[in-house]
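See structure below.
All figures in this text were calculated on a predicted structure; none of them were measured in a lab. Hydrogens, waters and symmetry mates are skipped; everything else that's a heavy atom, side chains included, is used.
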Amino acid sequence: MIRKNTESTENDSGVGIIKSSLILSLLGRASSWIYRKLSLGLIGGLFSSYDRENKAVTDSAAVCGMRRLALGDRLITPAKRYIARGIENSTILDFVRRTLDGMLSSSMKSYGIFMFSAALYSAVVYLFKTFRLDSGSGVDISVILTLTIMLIMSVMMIASRQNLAGALLTSPSARLVLFKLAGIRQETFEGREEKEGKFNVAFIAGLVFGVMSFFAHPLVLLIGILGLIAAYIVFIKPEFGVLAVICVLPFAPTMALVGAVFYISFCFLLKAMCGRRSIKLDLMDGVVLIFMLLMIGGGFVAASSASIKPMLVYVAFMLGYFLTVNLIRTRDWVIRCIVGAVSSCTLVSLYGLYQNFFGSVEKTWQDSDMFSEIEGRVVSTFENPNVLAEYLIMVIPLMLAAFVVSKTPKARLAAAIAGLSAAGCLIYTWSRGAWLGFIIGILIFMLMYSRNTLTGLLFCSLGIPFLPFVLPASITQRFLSIGNLGDSSTSYRVNIWRGVINMVQDYWQCGIGIGNDSFRLVYPLYALSGIETAPHSHNLYLQILVELGAVGLIVFVAAIFIYIQSSLTLHVNESRSDKYFSNAVFCGMLAVLAQGMTDYIWYNYRVFLMFWLMLGLGAAIRKTLNSTAAEDIY
């Protein structure tokens, strides 16, 4: 016991000596002085005044005048009641309810008969296609494996003595999806009496499934059934749709995501018309709405008539922002979305690392003469290493926040593994702009997390000259090449910027309209010799300026500035640890906006969607922390 006290005293004295050292003492005072000036000075007041500005807008004469008109009480509320009665009493909705109740109460034996019949007739169809039609395609292992699993599942279902509701209540995977993720209440499934299923109907349904397998893979049909179930869950819980989009975004095709966002918007509007959800806009939402309207105008008034299609995609994905802000309004849903984003990003990162060490890597986007030691760049589920890097740097700060906020060793270990895998994948994208953005984002997060970070940075800056001796030569050479015009990638971008600046001089008022077709149509007229085929400007801000004109760029910058104000205001005024999730989203946005200086980060539609989803999540976290709303009851 005495020995332990002695060791503790020695450790405390050692720490005290370090803390009282002259260098660290001076660094600590310098750090405190900088923080004090930033928080109390003009900069601190400017960037932490969102609440005052938002209140000024809501109390403005225009808004108060609209309230005095009482349009909500005179027109909107009666219309909502009328629509709600029509929807609630509709024949279609009544049929869906009765069908769902019947399915939940039906015995698992009937579902087992369906699965057995589906597997049996799918096997007959497969044998007919393979041998009778002489397709010459050989044996399809995936079909055989799918049908085998279906047969095994059918036997397990037939042996069960529960109804579907009881099976879902006792299944760990079903409980995870339905109750933990979708937020459906367990009371919906409890207390249901078992009804004897209509076995002949189940058998015939399996026969129909088998016939349809002639035209589609059985696994595709099963996924289609799961998709219908997911669509119904989204219908009753649109919040689940937002979560699902965040999770599947890196893996789903663009048009499927467009359809999903439009469907979620439809379900949300139905809920809002029935009074079960509400639409609330504040200052930031209003500015984003103005920018979306400018995007719509940029699609109709454009140099190319083909701009309408990308405009519709952009508008659909910008709706993701408003869906997130208006649906993710409780802490439970915020955490679900964060876990979904982190989990998906981890899978993407692990696949990228697999590509680098065991698979094939892309060699298209690199200067092989200047960086001959780089064997290739990973793309994971994206088509381009820079696009992958843009996605990663938006999510990695959330992993750091999860590590900081987590209270159990298991949760911290999971967050650490996720963060390290994503950071490792980011390295092997070899995207210098993303590296720089990542450093900016993580440093700002740490500065917001602790005042001691600045002291540590000032101290660690003394070791910067020694980094080339510690880091691998390939990473050091790649990072130090930023701004080197001898690199073909850098010189290519600079020459494109020069051509785009020539365009801006003629189109700065209204722009050329959005979309790659408009850019490809006009840019060659202003391009430098040999750089006539660029797909975009390789700079987010130049691209917005050339597409939407000065007004578009001003509105976008205003939206980002107001978002920065809202995030910093929350950071200053909020003491709960959940604010670090808001800080993480904020730093992810800063990171990708920094990369936007060297690349057009919206060129990939999925990254465009992720940008607005994350921006909406940041706004949703602020609104959640500012409100006292409990878990929704509808």
**Request:** Looking only at non-hydrogen atoms, find the nearest pair between Leu570 and Ser582 and report the distance.
**Result:** CD2-OG, 3.4 Å
**Message:** With a 4.5 Å cut-off on side-chain heavy atoms, are Val607 and Met394 touching?
**Reply:** yes
**Prompt:** Between Thr146 (side chain) and Ser142 (backbone), is there a donor-acceptor pair under 3.5 Å?
**Reply:** yes
**Any side-chain heavy-atom pair of Thr330 and Trp333 under 4.5 Å** = yes
**Asked** Can you find a pair of side-chain heavy atoms, one from Ser431 and one from Pro385, that are under 4.5 Å apart?
**Response** no
**Prompt:** So, Glu547 side chain and Gly511 main chain: donor-acceptor pair closer than 3.5 Å or not?
**Reply:** no
**Prompt:** Does the distance from a Lys or Arg side-chain N to an Asp or Glu carboxylate O, for Arg622 and Asp282, drop under 4.0 Å?
**Reply:** yes
**Item:** For Ile328 against Ala620, the heavy-atom pair lying closest together
**Value:** O-CB, 3.3 Å
**Asked** What is the minimum heavy-atom distance between Ile496 and Ala534, and which atoms define it?
**Response** CD1-CB, 3.5 Å
**Item:** Tyr111 side chain vs Met103 backbone, donor-acceptor pair below 3.5 Å
**Value:** yes
**Centroid separation Phe235 to Tyr263 less than 6.0 Å** = no
**Pair Arg329, Ser278: side-chain N/O donor-acceptor within cut-off below 3.5 Å** = yes
**Prompt:** Is NZ or CZ of Arg185 both nearer than 6.0 Å to the six-membered ring centre of Phe179 and within 45° of the ring axis?
**Reply:** no
**Request:** Answer yes if the ring centres of Tyr563 and Trp612 are under 6.0 angstrom apart, and no otherwise.
**Result:** no
**Asked** How about Arg377 and Asn386: does a side-chain donor come under 3.5 Å of a side-chain acceptor?
**Response** yes
**Request:** State whether the number of non-hydrogen atoms from other residues, nucleotides or ligands found under 6.0 Å of Tyr354 atom OH is greater than 12.
**Result:** no
**Request:** Report yes if the side chains of Leu553 and Leu548 come closer than 4.5 Å at any heavy-atom pair, otherwise no.
**Result:** no
**Message:** Test: salt bridge (Lys or Arg N to Asp or Glu O under 4.0 Å). Region: residues 580-602. Which pairs qualify, not counting sequence neighbours?
**Reply:** Arg493-Asp599
**Residues Glu239, Arg277: salt bridge by 4.0 Å N-O rule** = yes
**Asked** Do you know which two heavy atoms are closest between Met399 and Ala422, and how far apart they sit?
**Response** SD-CB, 3.7 Å
**Request:** Compare all side-chain heavy atoms of Leu388 with those of Cys425 and state whether any distance is below 4.5 angstrom.
**Result:** yes
**Asked** Minimum heavy-atom separation for Tyr541 to Met597, with atom names?
**Response** CE1-SD, 3.3 Å
**Asked** What about Tyr600 and His538, are their ring centers closer than 6.0 Å?
**Response** no
**Request:** Check whether any side-chain heavy atom of Leu590 lies under 4.5 Å from a side-chain heavy atom of Ile564, and answer yes or no.
**Result:** yes
**Sub-4.5 Å side-chain heavy-atom contact between Leu289 and Met318** = no
**Prompt:** OG/Ser349 to CG/Leu392 distance, rounded to the nearest 0.5 angstrom?
**Reply:** 5.0 Å
**Prompt:** Relative to the ring of Phe209, is the ring of Phe114 parallel (under 30°), tilted (30 to 60°) or perpendicular (over 60°)?
**Reply:** perpendicular
**Message:** The test is ring pair (Phe, Tyr, Trp, His ring centres under 6.0 Å); show your working for Tyr605 and Tyr314 and say whether it passes.
**Reply:** CA-CA 8 Å; Tyr605 287 129; Tyr314 285 141; 5.5 Å; yes
**Message:** Under a plain distance cut-off of 3.5 Å, with no hydrogens placed, do Tyr321 and Asp285 share a side-chain donor-acceptor pair?
**Reply:** yes
**Message:** For Ser307 and Ser518, which I'm curious about, is there any donor-acceptor pair between the side chains at under 3.5 Å?
**Reply:** yes
**Message:** Within the structure provided, determine whether Leu168 and Leu104 are in side-chain contact (heavy-atom separation under 4.5 Å).
**Reply:** yes
**Asked** Is any NZ, NE, NH1 or NH2 atom of the basic residue among Arg606 and Glu390 found under 4.0 Å from an Asp or Glu carboxylate oxygen of the other?
**Response** no
**Fill in**
For Val325 and Gly616, the nearest pair of non-hydrogen atoms, with its separation, is CG2-O, 3.7 Å
**Asked** So Phe291 and Phe556, would you call those rings parallel, tilted or perpendicular, with 30° and 60° as cut-offs?
**Response** tilted
